[in-house]
Every structure is written in C-alpha cells, then in structure tokens.
Asks: 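Just dropping this structure here.
Atom set for the values below is all heavy atoms of this structure, side chains included, hydrogens, waters and symmetry mates excluded.
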Amino acid sequence: MNPALRPRPGRPAPAPVFRRRLAALGRALFPAVSTALLMILAAAPVGLPSTVEAVTLPCVFFWSVFRPGAMSAPAAFALGLLQDLLTMAPFGTGILILLLVHGVAFRFRHFIARQGFLIVWLAFCLFAIGAATLDWALQGLLSLSLPPVMPAALFSLVTAGFYPVLALAMTRVHRAMRDAESLA
C-alpha cells in the first residue's frame, strides 16, 4: 500500500453522532448564552443609562415564543439573576419579571408565533408595559414610597424600540438554527 494513502496513527476522528450532539447542545444553549453576553455588553459603562433590562426583555420574550425549549424557566431565572446583579436592582425583581414574561409568553406562544411581525411587536409592547408597571410597583413596595412614573414609562418605550432590531437578528439566527436542525 502506498505510504501516503495509509491512515496516520493517532486519535480517531470524532463520530458524526458526537458532532450532531455538540451542535444540538450549542443550538440549545445559544439563546441564553447570547442573551447573557448581550446583557454584559449593555452594562458596560458608556455614560448612558443602563440598557440591560431593555435588551434582556426582548430576548427572553422572543426565545420563549419561538424556541421555548432553549429559553426555559431556569434560563429565565438565571438571566433575571444576572440582570439584578448587573443593574444593582433589588434582589429578585428582575428574576420575578423575567419569569413572568417567560411564563406568559410560553403560555401564549402558539397564538403569538402564528402572527405577523406587527402583531408580535404590539404583543411585546404590552409585555414591556406590563414589565415596567410591575417593576415600578415592586420598587414602590420595597422602598415603601411612590417612585416616579417617568422612568418606568421611558423603560417601556426604550424596550419596545429595541425589539425590532433585536428581533431581526434573533429571527435570522432562529432560521439558521432551524435549517441546521432540518439537515441533521
């Protein structure tokens, strides 16, 4: 046998099954890990108000609706914990809000996922208003005083404004992941 054609000794190539499992694990972890990285980038001190919550809420909503297996309740809990730590919010407020957003979006995902972008965006705007209202109420309850309404209103507007840009990127990633799954 020609020595150039003989297989070289060493480690065998990984089995295709291992590669498929690794790719599936990557697709399962991508939504939560990419959201966490985006949150960390949003928390960078750039002289502007923190946009951590404004990027977290659209990601949790989107992935809970369109890829609920990858955005589970434990992932939403971990992202809420990271949000509370990054924003120095009262412990548990971000966790509660993200778990509620995840739960409601998961519950209505069959209806929301069949709609066009405008209806999904309007549904998300309702989620943003609800999350801002709940955050405002929790802040008031924990401080035993009535907080100003304007930061909550601004939060819901900024969050609703971030959704189309983030949804465009997440939609492309979701389609690529779906196409990869159909080939596997």
Asks: Over all heavy atoms of both residues, which pair between Ala54 and Val158 is shortest? Give the atoms and the distance, please.
Replies: CB-CG1, 3.8 Å

Asks: Any idea which heavy atoms bring Ala70 and Pro31 closest together, and the distance?
Replies: CB-CG, 3.5 Å

Asks: Determine the minimum heavy-atom distance between Ala132 and Phe155, stating which atoms define it.
Replies: CB-CD2, 3.4 Å

Asks: Who else is in the cluster with Trp136 when I, L, V, M, F, W and Y are joined by side-chain contacts under 4.5 Å?
Replies: Leu146, Val149

Asks: More than 12 heavy atoms of other residues, nucleotides or ligands under 6.0 Å from CZ of Arg21: is that the case?
Replies: no

Asks: Would you say that more than 12 heavy atoms from the other residues, nucleotides or ligands in this model lie under 6.0 Å from the CZ of Phe111, or not?
Replies: no

Asks: Is Asp84 reaching over with its side chain to a backbone N or O of Gly94, donor-acceptor style, under 3.5 angstrom?
Replies: yes

Asks: Go through the steps to decide whether Leu38 and Cys59 satisfy the test side-chain contact (heavy atoms from CB on, under 4.5 Å), and finish with yes or no.
Replies: CA-CA 9 Å; Leu38 190 59; Cys59 292; 3.9 Å; yes

Asks: Show your reasoning for whether side-chain contact (heavy atoms from CB on, under 4.5 Å) applies to Phe30 and Val173.
Replies: CA-CA 9 Å; Phe30 180 81; Val173 169; 3.2 Å; yes

Asks: Which heavy atom of Ala42 sits nearest a heavy atom of Val55, and at what distance?
Replies: CB-CG2, 3.9 Å

Asks: Are Leu126 and Leu99 connected into the same hydrophobic cluster when the rule is that any two of I, L, V, M, F, W, Y join if their side-chain heavy atoms are below 4.5 Å apart?
Replies: no

Asks: If you compare all heavy atoms of Leu79 against all heavy atoms of Ala32, which two are closest, and at what distance to 0.1 Å?
Replies: CD2-O, 3.7 Å

Asks: In terms of hydrophobic clustering (I, L, V, M, F, W, Y; side-chain heavy atoms under 4.5 Å; direct or indirect links), are Ile40 and Met170 co-clustered?
Replies: yes

Asks: One pair to check against side-chain contact (heavy atoms from CB on, under 4.5 Å): Val104 and Phe127. What are the steps and the verdict?
Replies: CA-CA 9 Å; Val104 175; Phe127 275 80; 3.5 Å; yes

Asks: Supply the atom-to-atom distance Phe61 CZ to Ile112 CD1, rounded to the nearest 0.5 angstrom.
Replies: 4.5 Å

Asks: Look only at the side chain of Ser72 and the backbone of Gly69, and say whether a donor-acceptor pair between them is shorter than 3.5 Å.
Replies: no

Asks: Students often mix this up, so state it plainly: with edges at 30° and 60°, are the rings of Phe124 and Tyr163 parallel, tilted or perpendicular?
Replies: parallel

Asks: Nearest 0.5 angstrom please: Met39 CE to Gln83 CD, how far?
Replies: 5.0 Å

Asks: Could you tell me if the side chain of Arg175 sits less than 4.5 Å from the side chain of Arg178, heavy atoms only?
Replies: yes

Asks: Hey, could you give me each pair passing ring-ring contact (aromatic ring centres under 6.0 Å, His included) that has a residue in residues 72-107? Not counting sequence neighbours.
Replies: His102-Phe106

Asks: Dump the intermediate steps for side-chain contact (heavy atoms from CB on, under 4.5 Å) on Thr56 and Leu82, then the final yes or no.
Replies: CA-CA 10 Å; Thr56 308; Leu82 179 61; over 6 Å; no

Asks: Applying a strict under-4.5 Å side-chain criterion to I, L, V, M, F, W and Y, I'd like to know whether Trp63 and Leu81 cluster together.
Replies: no

Asks: What is the distance from atom CG of Asp179 to atom NE2 of His174, rounded to the nearest 0.5 Å?
Replies: 9.5 Å

Asks: Treat each ILVMFWY residue as a node, draw an edge where side-chain heavy atoms are under 4.5 Å apart, and state whether Leu166 and Leu157 are in one component.
Replies: no

Asks: Knowing that exactly one of Leu154, Thr51, Ile129, Leu57 qualifies, which makes a side chain to side chain contact (heavy atoms under 4.5 Å, CB included) with Thr159?
Replies: Leu57

Asks: Are Arg20 and Glu181 close enough for a salt bridge, meaning some N to O gap below 4.0 Å?
Replies: no

Asks: So, for Ala160 and Trp121, which heavy atoms are closest and what is the spacing to 0.1 Å?
Replies: O-NE1, 2.9 Å

Asks: Rounded to the nearest 0.5 Å, how far apart are CE of Met71 and CG of Leu98?
Replies: 8.5 Å

Asks: Cluster question for you: counting only ILVMFWY and a side-chain heavy-atom cut-off of under 4.5 Å, with indirect links fine, are Leu138 and Ile95 together?
Replies: no

